[in-house]
Amino acid sequence: MLNDYNVKAVNDAYKNAHIAMQSISDLLPDVKDEGLKKELSGEFKGYETHINDISAFMKEHDIKPHDIGAFKKAIMKGSIKMKTLFDDSKNQIADMMLKGTVNGINELSQMKNERENLDENVENLISELLKTEESYEKRLRKYL
């Protein structure tokens with residue numbers, strides 16, 4: 001049985017990947033640069049894989065995933081639309097994704113640094129997602 005800290009950590013990792021996927025979904029229609037579009041589509045699939053892994057772990061441990069909610073999704077979508085309304089350049093879109101990715105890296109790093117409180121399997125899920133986000137950060141920089 002996982003303690004509350006681990007339940008929260010795995011839910012936070014789930015939300016982290018889910019928010020990234022939602023952001024990519026909201027941004028993709030505005031992406032004109034084929035290279036960036038391909039990058040974001042690949043990232044979407046990567047986050048989807050992590051969500052599937054985390055979801056399977058949650059199901060196995062009888063943890064109910066906490067979705068980001070319809071209201072937050074609408075706020076995110078509106079914010080993205082406003083930011084790309086006047087500037088939908090690859091630089092602007094890459095910058096938006098980079099900021100979100102760095103926030104995700106920071107959150108995951110904080111969780112991982114609490115490793116003495118983490119179940120080994122939860123730590124592995126967080127570590128894998130963190131490695132993925134760090135690779136996305138490096139790749140997104142070339143679009144600035």
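Quantities reported herein were computed from a predicted structural model and do not represent experimental measurements. One-based numbering along the sequence shown.
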Taking atom CG of Asp4 as the centre, report whether more than 12 heavy atoms of other residues, nucleotides or ligands fall under 6.0 Å from it. no
In terms of heavy-atom contacts, Asp88 and Ile93 come closest through O-CD1, 3.6 Å
Working to the nearest 0.5 angstrom, can you tell me the gap between Ile51 CD1 and Met58 CE? 10.5 Å
Do you know the tightest heavy-atom contact between Asn91 and Leu144? ND2-C, 2.9 Å
Does atom NZ of Lys37 have more than 12 heavy-atom neighbours from other groups under 6.0 Å away? yes
Heavy atoms of Ser135 and Thr132 approach each other most closely as OG-O, 2.7 Å
I'd like to know if Glu34 pairs up with Lys38 as an ion pair, taking the criterion as any Lys NZ or Arg NE/NH1/NH2 lying under 4.0 Å from an Asp or Glu carboxylate oxygen. no
Hey, quick one: are Leu108 and Val102 part of the same hydrophobic cluster, counting side-chain heavy atoms closer than 4.5 Å, chains of contacts allowed? no
Using 0.5 Å steps for rounding, measure from the NZ atom of Lys99 to the OG1 atom of Thr101. 12.0 Å
Are Leu40 and Ile19 linked, directly or through intermediate hydrophobic residues, by side-chain heavy-atom contacts shorter than 4.5 Å (ILVMFWY only)? no
salt_bridge(Glu39, Arg139) N-O dist < 4.0 Å: yes
Are Met97 and Leu28 connected in the hydrophobic side-chain network, where two residues link if heavy atoms are under 4.5 Å apart? yes
Check side-chain contact (heavy atoms from CB on, under 4.5 Å) between Gln22 and all other residues, then give those that pass, not counting sequence neighbours. Asp26, Ile68, Lys73, Met76
Please check this pair: side chain of Ser79 against backbone of Ile75, looking for a donor-acceptor N/O pair closer than 3.5 Å. no
Asn11 side chain to His66 backbone, donor-acceptor under 3.5 Å: yes
Test side-chain hydrogen bond (donor to acceptor under 3.5 Å, both in side chains) on Asn103 and Asn106; report intermediate values, then the result. CA-CA 5 Å; Asn103 284 339; Asn106 291 342; 4.7 Å; no
Between CG on residue Asn113 and CD on residue Gln110, distance to nearest 0.5 Å: 8.0 Å
Show your working on side-chain hydrogen bond (donor to acceptor under 3.5 Å, both in side chains) between Asn117 and Glu114 and close with a plain yes or no. CA-CA 6 Å; Asn117 297 318; Glu114 293 290 325; 3.0 Å; yes
Could you pull out all residues at least two apart from Glu128 that satisfy side-chain contact (heavy atoms from CB on, under 4.5 Å)? His50, Lys131
Where Leu27 and Met96 come nearest, the two heavy atoms and their spacing: CD2-CE, 3.9 Å
Any donor and acceptor pair, going by atom type alone, linking the side chain of His18 with main-chain N or O of Tyr14 inside 3.5 Å? no
Please find the pair of heavy atoms, one from Lys112 and one from Leu118, that lie closest to each other, and give the distance. CA-CD1, 4.1 Å
Which atom of Tyr143 lies closest to which atom of Asp33, heavy atoms considered: CE2-OD2, 3.8 Å
Check whether any side-chain N or O of Asp87 sits under 3.5 Å from a backbone N or O of Gln92 as a donor-acceptor pair, and report yes or no. no
